[in-house]
Each structure stands twice: as structure tokens, then as C-alpha cells.
There are 2 protein chains.
Amino acid sequence: MKTLTPLNYALLGLLNRTPLTGYEMMQVFETTPLGGYSSSPGAIYPALKKLRQSGLVAVSGDGTSGRGDALAITPDGKAALKAWLLAPLLVKAGGIDLSGQMLKFTFTGDLLTRRQQMAFLNRLEKAITRAIDALAASRERMRDTLTSHDLLAVEAGLLQYRAAADWCALARQTLSKGK
Amino acid sequence: MKTLTPLNYALLGLLNRTPLTGYEMMQVFETTPLGGYSSSPGAIYPALKKLRQSGLVAVSGDGTSGRGDALAITPDGKAALKAWLLAPLLVKAGGIDLSGQMLKFTFTGDLLTRRQQMAFLNRLEKAITRAIDALAASRERMRDTLTSHDLLAVEAGLLQYRAAADWCALARQTLSKGK
DNA sequence: CCCCCCATGTAACATGTTACATGATTGA
DNA sequence: TCAATCATGTAACATGTTACATGGGGGG
């Protein structure tokens, strides 16, 4: 079982809610703001094939048809999805992939305990705080080599991160209220 | 001359400030938050080769060495960069690429008039406002099919956009003051 | 002299996009 | 029956990543 791509996990997360055909998943990507994944069949069908071959997903019907038949997540698939959700947040150069983290958060609601969801938010908020500090520090370090436009762009990054940090607090509050 | 990738434009934008060697550009991508582009030589050197062949970039020295020699943008390169900056903002499914727009904005400071920079910000802010409306509308349309986690993720998107819209106002203000 | 950094490049691989092909089903 | 939509897939292409190869030059 090779490493899965973000698209693979997005598909797994969808199937973890309810069985769907490949076509229906394409529709979801087309008509909802989900993650920002594309609806190209050239990406989705090969990905589904790989997931089937890895045993993370299986035809949900009696298997006689195979066409027009919805796919369902398997226990292995659920385990893989869960492992992904619990994996440590990796921050690459260029900052945190916020929309990717939002996609992950969406799926935590279906698979993790409330406590684990809270932990996810806490980890995310800490990472964001660190990113803010790093960005502000690098701004000060290079202040004299940066143009005013550069500084504004950095400011935009800071505002994005701060909005994300605020959201973390909001999400935590919403979760604890809805308990 | 084929269509240029975002990385190509990022390189052009850097060279529009000052001549640099490929290696130095790699360093910039490694050590600054610029755009979030990678520093892989396997991406940068082929891209520079293409830019050289298209005549958008040229060796800045006397041309005898070729190695360790900085590259400089040509008039054609400047024109291509300017055209890119002035091109209408295209919004694909999945929303606006905010960090891409920030990269663009950075380069407008070196190449466009103050009036054009303001127009850029205005267009961006309008696009963001439209994106906010679309996202809020889609949230209402699908409210009953969405989980509470889905709703929170949408909320995160809205907060991101609102932060970006705020930034547009801030940037406009900063530009007009620094006039 | 040897190692590390400068500087450029290439090869293999992964991933996704566009565009097309195929056939079944459904409604006018 | 004809068109549209459902449903799946493939082929060609673009793009970028990882990892490696190459060679010059400076400092210990």
C-alpha cells in the first residue's frame, strides 16, 4: 500500500459518510467548495482504482454489476483515514496549508472523538501561532531589504493566519457547546 | 512563446528587480515566504532555460562565461510580466488563489503606476466580495445537508476571505498615504 | 588535500489536466 | 428514436519533486 495523496484522502473521507459512485463524487467536487479539488475524471477514476486495489474501498452492492455501483469504504480504509487525521501536522516551507487542514477537520467530525477533535484544533492553533511568529520575525529580520509592497504582502499572510487562529477558537467553542 | 506558468512569472518578477543567478533565486524561495514556491532545482533550471529560449530573460554579463552569470529580464520579459499583472483575475472553482494574488501585487509595485495598482486592488476586492457572497449563498442552499463540521469549514473560508477583503482596504490606504 | 559550498543540470517518478472514447439509461 | 445525461475510463500532455551527477573554487 503506497502513500496516499490528498485527493485519495478526500475520496476516503467522502465515502466514510456514505457510499457513492465515482460520478457522484465528481459532482460533489464540482458543486461544493470542498477543499478545492478538481472534478476531472482523469484524476478521480485512477485514484479510485488505486483505492480499490489497496482494499481501502470496495463495491458496495453484491458485486455482480460493477457499473453504476456505489463504492463504500472498508475497515482498512477507515483505519487509513483515521491515521491520516491523527497524523502530526507537517509544516513545509511556504507555510501551513489551511484549506487542507479544513478538509481534515471536516472529516474529524465523522471519525474522531470530541476529545480528539479538540486536540486537533489545539495542535492546529499552535502551529498557526508558530507560523505567525516566524513570519513576523522574518519580516523584522528583512525589513530593510523589503519594498513597501513586500511588506504589505507579508501583512496579508499575517492577517490570513490570524483569521485562521480566530477560527480555531470559534470552532472549539462551537464544539464544546454542541457537546 | 507558450503560456507561462506561475513559477515562470515569479522568476520574471524577481529578475525585474535585479539580475540574479538561478542559484540565488533558489535561495530566495528557500529563505523567504515568497509565494510558497519550491526551491527544487529540477523546477527552476528548466523554467529559466525556457525563459531564455523565449527571449524573456538573458545573461546579464558579457556573455563569455555563462556560468555563475546573473540573468536579467529583457524588454520582452518586462512586457510579458506587465501583461500578466494587468490580466483579468480568473476565478476557478475552489475559490480565489489569494497567495497567488499577493505575489502578483508584490510585483505591481515595480512595474505599474499607482493608479493601476489601485485598480488591481479594487478588482481583487470585488472578486473577493463576490466569492464571499457565493460561499454564503451555497451555505444557505445546502444548510440541511451539511454537518456542523462542514458548516465550520465554510465559516473558515468566509473568515479567510473577509481577512483578505480587509487587507485590500488596508493596502489601498497604505498606497494612497505613501503617494 | 579534502570537504564544503557555489552553480547548473538531468532522470525517474508522481500527480493532475484536457480532451477524447465508450456504452448504458432515461425522457421528450 | 434522438438527445442528454449517467458512468467509467484512457491517452497525451504539463508540471513539479526527489535524488542524483557534475565540476569549479575557497578555506582549514
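Nothing here was measured: the structure is a model prediction, and the numbers come from that model. Chain A is the first sequence line, chain B the second, and so forth, proteins listed ahead of strands; every chain is numbered from 1.
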NA contact type, [X], heavy-atom cut-off 4.0 Å: base, sugar-phosphate, or nothing?
X        : value
Leu7(A)  : sugar-phosphate
Gly42(B) : base
Ser40(A) : base
Thr5(B)  : sugar-phosphate

### Message
I want to know whether Phe105(A) and Trp167(A) have ring centres closer than 6.0 Å.
### Response
yes

Atom-pair distance ([atom1] on [X]; [atom2] on [N]), nearest Å:
X        : N       : atom1 : atom2 : answer
Gln53(B) : dG9(C)  : CD    : P     : 11 Å
Asn8(B)  : dT15(D) : CG    : C1'   : 10 Å
Phe29(B) : dA7(C)  : CZ    : C1'   : 16 Å
Leu48(A) : dA7(D)  : CG    : P     : 14 Å
Asp69(A) : dT8(D)  : CG    : P     : 9 Å
Met26(A) : dG16(C) : CE    : C1'   : 14 Å
Glu24(B) : dC5(C)  : CD    : P     : 17 Å
Lys50(B) : dT15(D) : NZ    : C1'   : 9 Å

### Query
Tell me, do Thr106(B) and Leu34(B) make a side-chain contact under 4.5 Å, heavy atoms counted?
no

### Heavy-atom check, side chain of Lys104(B) versus side chain of Tyr9(B), under 4.5 Å
no

N or O in side chain of [X] less than 4.0 angstrom from [N] OP1/OP2:
X        : N       : result
Tyr23(A) : dT8(D)  : no
Tyr45(A) : dT8(D)  : yes
Lys49(B) : dT10(C) : yes

### Message
Can you tell whether the side chains of Arg17(B) and Asp150(A) come within less than 4.0 Å, N to carboxylate O?
### Response
yes

Side chain of [X] (C-beta onward), nearest among [options]:
X        : options                 : answer
Thr21(B) : dT10(D), dT8(C), dT8(D) : dT8(C)
Gln27(A) : dT8(D), dC6(D), dC6(C)  : dC6(D)
Pro41(B) : dT15(C), dA7(C), dG9(C) : dG9(C)

### Message
Treating Gln117(B) as the side-chain partner and Leu112(B) as the backbone partner, does any N or O pair qualify as donor plus acceptor under 3.5 Å?
### Response
yes

### Summary
Between Arg52(B) and Tyr37(A), whichever has its closest DNA chain C nucleotide further toward 5' is Arg52(B)

